[in-house]
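Contents: one structure, followed by commentary.
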Amino acid sequence: MSEDHQRARVVAVGDRVTRTGVHVPSELQENDIVVHTTFVGQPFAMDGRELLSLPYHYILGVEDA
């Protein structure tokens with residue numbers, strides 16, 4: 001894996017919103033492992049866990065289980 005990519009486990013999913021404002025159900029599910037670009041998203045803490053809010057368009061792919 002390139003240094004430009006990281007893995008993360010999905011803990012929550014929301015709808016994708018297109019540029020025209022249309023809500024599209026996400027293909028992601030909780031516990032999926034995604035590969036995303038580094039240095040993106042908004043880190044935050046909740047219930048003592050470090051989490052990352054990541055816009056859908058930074059997700060490069062989903063790893064097979």
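Everything numeric here is computed off the predicted structure, so don't read it as measured data.
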List the atom pairs, with distances to 0.1 Å, where a side-chain N or O of residues 43-60 and a protein N or O form a donor-acceptor pair under 3.5 Å, not counting sequence neighbours.
none

Donor-acceptor pairs under 3.5 Å, side chain of residues 26-33 to any protein atom, not counting sequence neighbours: which ones?
residue : atom : partner : partner atom : Å
Ser26   : OG   : Leu28   : N            : 3.0
Asp32   : OD2  : Gln29   : N            : 2.8

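At a threshold of 4.5 Å between side-chain heavy atoms, the hydrophobic network of Ile, Leu, Val, Met, Phe, Trp and Tyr places Val62 and Val40 in one connected group. Taking hydrophobic clusters as Ile, Leu, Val, Met, Phe, Trp and Tyr residues chained together by side-chain heavy-atom distances below 4.5 Å, Val35 does not share a cluster with Val11.
Residue pairs meeting the side-chain hydrogen bond (donor to acceptor under 3.5 Å, both in side chains) criterion with at least one partner in residues 8-18, sequence neighbours excluded, are Thr18-Thr20.
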